[in-house]
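By convention in this document, chain letters (A, B, ...) are assigned in the order of the sequence lines, proteins followed by strands, and residues within each chain are numbered from 1. Here the structure is a predicted model, which is why all the values come from computation and not from measurement. Every heavy atom of this structure was used, including side-chain atoms; hydrogens, water molecules and symmetry mates were not.
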Amino acid sequence: MTLLSIEGLRTVFRTDQGDVTAVDGVDLSVARGRTLGIVGESGCGKSVLSLSVMRLIAPPGRIAAGRVMFDGRDLLSLSSAEMRALRGNRIGMIFQEPMTSLNPVFTVGEQLTEAMRAHDRRASAAELRRRAVAALDRVRIPAAARRVDDYPHQMSGGMRQRVMIAMALACGPDLVIADEPTTALDVTVQAQILDLLRELQQQSGMAIILITHDLGVVAEMADEVAVMYAGRVVERAAGAAVFDDPQHPYTIGLLGSIPRIEETRDSLLAIEGAVPAPFALPQGCRFHPRCAFAGPDCTEAQPPLLEIAPAHQAACIHAPVEAFAG
Amino acid sequence: MTAPLLEVENLSRHYAVRRGLILPRRVGTVRAVDGVSFTLARGETLALVGESGCGKSTTARLVLRLVEPTTGTVRFQGEDITDLQGEPLRKLRRRMQIVFQDPFASLNPRMTVGAILEEPLIVHGLGDAAHRRARVEELLGLVGLASFHAQRYPHEFSGGQRQRIGIARALAVEPALIVCDEPVSALDVSIQAQVVNLLEDLQRRLGLSYLFIAHDLAVVKHVADRVAVMYLGQIVEIAPKDALFADPRHPYTRTLLAAIPRPDPHRERHDPVAGGDMPSPMAPPDGCRFHTRCPFVVERCKREVPALRPWAAGHLTACHRAEDLPAMETARAASLAPAAAKRLALYEARRGRVAAGAG
């Protein structure tokens with residue numbers, strides 16, 4: 001059952017160089033108990049997309065078009081108060097930087113109960129504290145009853161990210177948006193946190209939107225994957241299909257760029273060039289200046305996201321590339 | 001056999017931890033680097049890998065004499081440089097350079113790229129103005145930038161281009177050794193691959209030696225000839241790259257390898273990785289420092305410090321139980337599906353055209 005569906009979302013920022021469309025006509029959805037992975041490089045719009053869903057876009061940014069249907073209601077039409085009641089309650093968010101997302105002058109217990117208090121005005125202080133300890137226990141913080149009185153600086157990076165997850169899950173959300181949740185962590189800690197997220201999802205049946213630049217993390221976590229480039233979704237498919245049957249040249253390029261442990265290739269297949277500046281986007285397909293499969297027809301119009309195979313969409317007029325190149 | 005370019009012996013750096021504002025007293029010691037030895041040959045790449053706080057960056061800074069060692073010696077081209085001071089040290093700096101992790105913080109925003117690249121030449125008194133200008137142009141070409149880029153400021157460049165500038169600056173004085181301190185970890189994957197390829201290409205052309213600091217074993221697999229794995233200030237395993245990845249003989253190396261998320265959705269779930277966090281370097285565990293997280297721990301590991309001992313040719317490990325570790329499961333060779341492999345091959349064949357068009 002679809003829990004969240006994003007339809008034609010467009011988020012624009014007003015800048016000195018003119019309007020910048022950070023997210024340009026994105027359609028995505030995620031069902032309960034499933035994980036949607038959104039992959040892309042810096043500046044592709046993946047974080048702005050997640051902030052748009054949470055309605056956390058501040059001026060000079062604004063959501064210019066689209067709908068965000070969450071459990072039958074359009075989030076974009078809710079009042080600020082209604083939105084506040086959802087945030088942290090039914091939709092949780094985990095940010096990248098566990099160092100900067102926690103307040104250094106309050107204990108983790110105080111920060112956890114603050115979030116709970118906001119959505120439950122009647123609970124007693126003792127009851128909230130009990131719940132905070134339980135929340136820390138759930139994310140496997142050892143000696144939670146004692147750790148609840150720790151300040152963030154007394155914890156390691158992995159521990160702090162566990163606290164962030166505990167906060168996001170404190171009110172039992174239906175949807176968690178995790179924006180690069182493990183990027184700042186060491187690999188062994190990253191593996192622990194990903195295991196934890198997967199396990200908590202199995203327990204609670206929450207939906208996860210996982211935003212990351214790491215194709216390895218996506219392969220391990222995501223049921224469905226959306227690849228973003230310059231503000232648009234260029235490919236969308238089931239998790240395995242993106243790796244086994246990549247259709248968009250950008251996806252193919254990303255797969256060629258990553259160094260792999262189980263492979264001995266001499267040099268990596270880097271994608272030439274750089275992501276275009278958002279106020280100087282190329283005509284037509286935004287990837288064509290860097291694309292190995294581009295032709296003159298690629299500059300004519302922005303290619304729509306078309307069904308290439310069942311449940312597999314790509315925005316490339318030359319897909320599948322072997323037919324074009326052959 | 002010629003002497004190695006760099007020989008590091010029993011290198012340590014301890015930091016005193018003091019408490020108290022008026023009468024500070026020493027309450028402990030952080031052993032950031034604790035008895036590290038390795039060599040680096042000419043034209044070779046040695047990677048130092050490990051997680052945050054393992055001492056890999058401090059080791060690199062000790063080698064460069066940016067941090068003073070507590071004990072140990074560093075020999076460069078056969079000469080003991082541990083106590084070098086003044087003019088000889090300054091001369092030495094020409095021979096060893098560094099590329100930093102963060103291309104946004106390591107370039108002066110008020111200087112043009114030309115001035116940034118010229119500065120090391122001025123500092124070391126190399127050539128006159130005309131010669132320096134020519135050298136700047138040559139350097140820009142070497143790292144794949146154009147000569148008109150010399151007039152621009154760092155903020156006008158993308159992260160990948162900035163890292164190229166950082167590399168060009170390191171190359172300016174024709175060093176023999178470049179310490180690369182996480183040179184690609186701040187970059188996007190597609191750009192990361194460009195910089196990795198550039199570093200390899202420069203090494204082939206200029207015969208450079210790299211001391212490559214990284215936490216990403218997949219990147220290391222690509223660039224290194226040999227790999228040293230560090231944990232809590234010590235090298236726990238050092239081996240030629242292929243031996244280390246095919247037959248790691250230290251449980252921590254295995255933990256690191258198991259923890260890397262693979263871009264392969266069909267791979268079975270990895271074994272549970274070692275739990276817990278790295279212990280504080282102020283109070284490292286007795287015996288083997290990894291014993292608190294090690295799945296193979298026995299009583300002996302808690303008491304007795306394991307020595308770094310030879311396992312095979314050029315392969316050393318510091319584990320009491322190296323013999324008892326099971327053989328590594330052989331990784332599935334072809335991890336790519338046929339459709340993906342076919343398209344990647346096509347992509348590789350056609351990629352040259354874009355490069356030609358852009359250049």
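- Using modelled atom types, no side-chain atom of B/Arg350 and backbone atom of A/Phe293 make a donor-acceptor pair closer than 3.5 Å.
- Residues forming a side chain to side chain contact (heavy atoms under 4.5 Å, CB included) with A/Leu306 (at least two apart in sequence, or on another chain): A/Pro304.
- Below 4.5 Å, heavy atoms of chain A meet heavy atoms from B/Asp188, B/Val189, B/Ser190, B/Ile191, B/Ala193, B/Gln194, all part of residues 185-194 of chain B.
- Note that the CG atom of A/Leu268 and the CD atom of B/Glu348 stand 10.5 Å from one another [nearest 0.5 Å].
- How far NE2 of B/His215 is from CG of A/Leu185: 10.0 Å, rounded to the nearest 0.5 Å.
- Put simply, OG1 on A/Thr251 and OH on B/Tyr347 are 11.0 Å apart, with the number rounded to the nearest 0.5 Å.
- Both the backbone and the side chain of B/Val219 come within less than 4.5 Å of a heavy atom in chain A.
- Between B/Arg343 and A/Glu322 there is a salt bridge, since a side-chain N of the basic residue sits under 4.0 Å from a carboxylate O of the acidic one.
- Annotation: maximal heavy-atom pairing with chain B below 4.5 Å, among A/Pro142, A/Gly40, A/Ala240, occurs at A/Ala240.
- In this structure, B/Asp264 CG and A/Ile261 CD1 are separated by 12.5 Å, a value rounded to the nearest 0.5 Å.
- Between A/Arg260 and B/Pro263 the shortest side-chain heavy-atom distance falls below 4.5 Å.
- Across B/Glu51 and A/Val187, no two heavy atoms sit closer than the pair OE2-N, 3.8 Å.
- Heavy atoms of other residues, nucleotides or ligands lying less than 6.0 angstrom from CD of A/Gln154 number more than 12.
- Interface summary for chain B: among A/Ala270, A/Gly239, A/Ala277, A/Gly253, the most heavy-atom pairs under 4.5 angstrom belong to A/Ala270.
- Residue-environment remark: CZ (A/Arg34) stays at or below the threshold of 12 foreign heavy atoms within 6.0 Å.
- Contact check for A/Asp214 versus B/Pro261: side-chain heavy atoms found under the 4.5 Å cut-off.
- Once rounded to the nearest 0.5 Å, the distance linking CG of B/Leu336 with CG of A/Leu255 reads 7.5 Å.
- For a residue to count as touching a neighbouring chain, one of its non-hydrogen atoms must lie under 4.5 Å from one of that chain's; by this rule A/Glu41 touches chain B with backbone and side chain alike.
- Chain B forms more heavy-atom pairs under 4.5 Å with one residue of A/Val242, A/Leu194, A/Leu215, A/Ile252 than with any other, namely A/Ile252.
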